[in-house]
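For reference, the structure is listed below as structure tokens.
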Amino acid sequence: MKHLLSEEINKVEEQLWSMSDQLYSNPELGNEEFKSMKLLTDFLEENGFELETGIVNRPTAFKAVFKSQKPGPTIAYLAEYDALPGVGHGCGHNMIGTMGVGAGVILSKLVNQIGGSIVVLGTPAEETNGAKVPMSQEGTFADIDAAMILHPADQSYESGESLAMDAIQFDYSGKSSHAAASPEKGINALDAVIQLFNGINALREHLPSDIRIHGIISEGGQAANVVPDKAVAQFYIRAKERSTLNGVVDKVKNIAHGSELMTGATLVISNYELSYDEMITNNALSQAFNKNLQLVDSQNLNPAKQGYGSIDMGNVSQVVPAIHPYIGLHEPELIAHTKEFADKTITKTGRQIISNGALSLAQTGYDILTDNELLKEIQTDFLQNK
């Protein structure tokens, strides 16, 4: 029966290509993806999915469910559809969204016969303040047995790792004064930020190699002859594991308080974006997907990329078996977050990859629904690695 999925993708692939093209032509930033959400959810509703929008207090998030008439596992496909400012879909989220809904729809055509349920989750703002974080925290994945998302890339790569990340903001408040006539009456908030940077740079020598700390001064004064009474720095702090990251963040915060004492400025520390946890790839689920991808798509499947970025799929992987593999656009060294990458998504190659990706995801879902031993392996792997 699994071979019927190939027939089902042939029936809907032109719709998927059209949706991807429309998303490309109408890019929307994170948490503003109203047209994008409607495009994807209309397709799901047309194919019998029950829809709920605005979940986890995100207006552009959604949950679409197709329940069969027979008991069985529940498979989740995740859809992203936010774009980048100035670049559009330079990360290929137009493809991610259409592959996710496409996989859900074609597998739904078989579940009444094989049993189980399918969930498609619309997950806004992956590029900034990912909705998968509150979804993971608020029980969205409580009844789901496996979660999958497929990302386009230059080449195909197995699901691998990503770094845990905290986004920390340091607000220093001082006292303004004439920088030449009465500097002694001022408290220089910018000095505090500069000392923060200096302290972090000194700390780097004593950190593990997987740590990444990078920041900007988002506010540093208005005029050179006025002592800055306000200065703000924002940092991303990343590590391979959350436990390590928490220790590094504590050290950075101590440096920030030291700068406060040194300058007399007053410090407020906050998170300016949600925190991401590291990705834990479920090996059993990953191997099942890899087999299907290699049968559907002729290109080589590379080992997992070394993960120096951070994704909110990491939070999902902490609560449910999950994978985040990459499917190649047949252009080695193609760089994501560029206009060139966005343009590649709507080529003939990009469209074929949408079909191949949706089919591979659906086939993997079919394997889980019909193979109890595979489901047990996935569950065992999840418990061991968590």
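One distance of note links CD1 of I114 with CG of L369; it measures 4.5 Å at 0.5 Å rounding. Remark: I237 CD1 to R212 CZ distance equals 14.0 Å, nearest 0.5 Å. Annotation: the span from S6 atom OG to L295 atom CG amounts to 10.0 Å, rounded to 0.5 Å. Rounded to the nearest 0.5 angstrom, Q287 CD and I323 CD1 are separated by 11.0 Å. Between the CD atom of E80 and the CG atom of D312 there is a distance of 6.0 Å, given to the nearest 0.5 Å. Note that CD of E260 and CG of L196 are 11.5 Å apart. Values are rounded to the nearest 0.5 Å.
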Can you list the steps and then say if H93 with Y81 is a ring-ring contact (aromatic ring centres under 6.0 Å, His included)?
CA-CA 5 Å; H93 290 191; Y81 34 92; 8.8 Å; no

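Around NZ of K240, the count of heavy atoms belonging to other residues, nucleotides or ligands within 6.0 Å does not exceed 12. Shown here is N57, whose CG atom has no more than 12 heavy atoms of other residues, nucleotides or ligands within 6.0 Å. Residue-environment remark: CG (D143) stays at or below the threshold of 12 foreign heavy atoms within 6.0 Å. In E333, the CD atom is not crowded: 12 or fewer heavy atoms of neighbouring residues, nucleotides or ligands sit closer than 6.0 Å. Within a 6.0 Å radius of CG in D250, more than 12 heavy atoms belonging to other residues, nucleotides or ligands are found. Heavy atoms from other residues, nucleotides or ligands lying under 6.0 Å from CG of L383 number more than 12. K2 NZ: more than 12 foreign heavy atoms inside a 6.0 Å radius. Counting non-hydrogen atoms of other residues, nucleotides and ligands closer than 6.0 Å to CD of E14 gives a total of 12 or fewer.
The salt bridge (charged side-chain N to carboxylate O under 4.0 Å, His left out) test with K11 is passed by exactly one of E7, E8, E13: E8.
Residues R58 and P134 have side chains in contact (heavy-atom distance under 4.5 Å, counting atoms from C-beta outward).
Closest approach of R351 to W17, counting heavy atoms only: O-NE1, 2.7 Å.
Cation-pi geometry between K305 and Y157 is met: the NZ or CZ atom falls under 6.0 Å from the ring centre, inside 45° of the normal.
Taking the six-membered ring where tryptophan is involved, the planes of F170 and F235 are perpendicular, since the angle between them exceeds 60° and thus also 30°.
Looking only at atom types and distance, the side chain of Y366 has no donor-acceptor partner in the side chain of D371 under 3.5 Å away.
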